[in-house]
2 protein chains.
Amino acid sequence: MEDEVDRLVAAWRRERPDLDVEPLEVLSRVSRLARHLDRARRTAFAEHGLEPWEFDVLTALRRAGSPYQLSPGQLLTQTLVTSGTMTNRIDRLTGKGLVKRLPDPDDRRGVLVRLTDDGRDRADQALAGLLVHERELLAQLTPGQQGELAGLLRLLVAPFDNIPG
Amino acid sequence: MEDEVDRLVAAWRRERPDLDVEPLEVLSRVSRLARHLDRARRTAFAEHGLEPWEFDVLTALRRAGSPYQLSPGQLLTQTLVTSGTMTNRIDRLTGKGLVKRLPDPDDRRGVLVRLTDDGRDRADQALAGLLVHERELLAQLTPGQQGELAGLLRLLVAPFDNIPG
DNA sequence: CTCAGGTATCTCGACATCAAGATATCTCCG
DNA sequence: CGGAGATATCTTGATGTCGAGATACCTGAG
């Protein structure tokens, strides 16, 4: 089955036969797929009254394990947003009663963001719902292919995640 | 080499051993990689004084071939943004002299967006620059792996691109 | 102990995006 | 032909994000 990137690459080969546009076969698909996934996630989370950005923060805290708290800085590296954005997110989640700010006992500059009970429940429910939807999307692939794909993607992501970026 | 998603999946397995989080191995990597790519593209385009969103629109027009024009609607399907966003983008690109609006001779509701000479040059330069950077990122993979990866991603994207969504 | 440099978080203003709805035009059935 | 419904684009207001800078605090060399 053909996709938009096949058409895009074919168009470049016609218009710019002098260029090697092979990289787009991979990277344009990554970008476009991510955009489609964003939309699908927005729909999936709507069932639970959450926005994708809320999910990202709540689940990062949920994954941290009891007592479900992380510093804003730790949340930054997991969510790939800027500090201003994170401050804003924490403000809004606090307003909704899903997290609360606590002073960091070891560093007076610092803050700890902790999940409330309500926040924890919401995160758990939304995760379960998300996985149902994601499994459907991945039904296009055999388990073996999924593993292959995950491995190849890891090779590309790892440099970003490990070399400070 | 381990990445953030390995850590994320391990954390879920510890916190929610009852759930099968396998789908995240693929889809979380797609989302995170796309985010890293956005940042890298922003840097790459800065050399040419372009924003990623400008690049997306200009290159869609460039690919269309002479006379480098498309309707806003056609641009929507290629860039995956809403119509309001596209109107705004066209306004701003017009202001910068990179595109201009022409009435569609066959449909008085319609508009054609055409690349200016300057817009065409910018698109060509930025594309060449982007490919240089993207090739570096893909140096992690052999050509064979790149082909495999592209094929697997196509399987996932194709349903979105073909079924109207 | 001190202070220069580093770090953690927050503030602020500009900007891009979206969703929903408005407007104008087209299509085609009856 | 007439008009209902489809389509193409634009408008508007709310919202989320970013980048740069401000503030408060920590750390380590001397």
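Naming convention: chains lettered A, B, ... in sequence-line order (proteins, then strands); numbering from 1 in each chain.
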Pair A:R13 + A:D18: basic N to acidic O under 4.0 Å | no
Measure the distance from CH2 on A:W53 to P on D:dT15 and round it to the nearest whole Å.
-> 11 Å
For A:L70 and C:dA8, what is the distance between atoms CG and C1' respectively, to the nearest whole Å?
-> 15 Å
Of D:dC18, C:dT17, C:dA20, the nucleotide closest to the side chain of B:S83 is C:dA20
Check: B:T59 side chain, B:R62 main-chain N or O, donor-acceptor pair, under 3.5 Å | no
Assign each of A:G84 and B:R101 the nucleotide of DNA chain D bearing its closest heavy atom; nearer the 5' end lies the nucleotide of B:R101
Which whole-number value in Å describes the distance from B:R42 CZ to D:dT17 C1'?
-> 10 Å
Among D:dC10, D:dG19, C:dT17, the one nearest A:T82 by side-chain distance | D:dG19
Separation of C:dT9 P from A:D104 CG (nearest whole Å) | 8 Å
Main-chain N/O of B:L61 paired to B:R114 side chain as donor or acceptor, under 3.5 Å = no
Residue-phosphate contact under 4.0 Å: B:T85 side-chain N/O, C:dT17 OP1/OP2 | no
Testing C:dT17, C:dT11, D:dC10 for proximity to the side chain of A:R35, the answer is C:dT17
What integer distance in Å separates A:E51:CD from D:dT15:C1'?
-> 9 Å
Quick one: does B:R122's side chain have a donor or acceptor within less than 3.5 Å of a partner on B:E54's backbone?
-> no
For B:G73, which contact category applies under a 4.0 Å heavy-atom criterion: base, sugar-phosphate, or nothing?
-> sugar-phosphate
Per A:D107 side chain, nearest of listed nucleotides C:dC18, C:dA8, C:dT9 | C:dA8
Atom CE of B:M86 to atom P of C:dA20: distance rounded to whole Å?
-> 19 Å
Could you work out which one of D:dC18, C:dA24, D:dC25 sits closest to the side chain of B:R109?
-> C:dA24
Sugar-phosphate, base or nothing in reach of B:N88, heavy atoms under 4.0 Å | base
Could you say whether A:R92 or A:D106 is positioned toward the 5' end of DNA chain D, judged by the nucleotide with the nearest heavy atom to each?
-> A:R92
Separation of D:dT17 P from B:D38 CG (nearest whole Å) = 13 Å
Lys/Arg cation over aromatic A:W12: A:R7, 6.0 Å, 45° cone | no
Atom CZ of A:R108 and atom P of D:dC26 are separated, to the nearest Å, by 5 Å
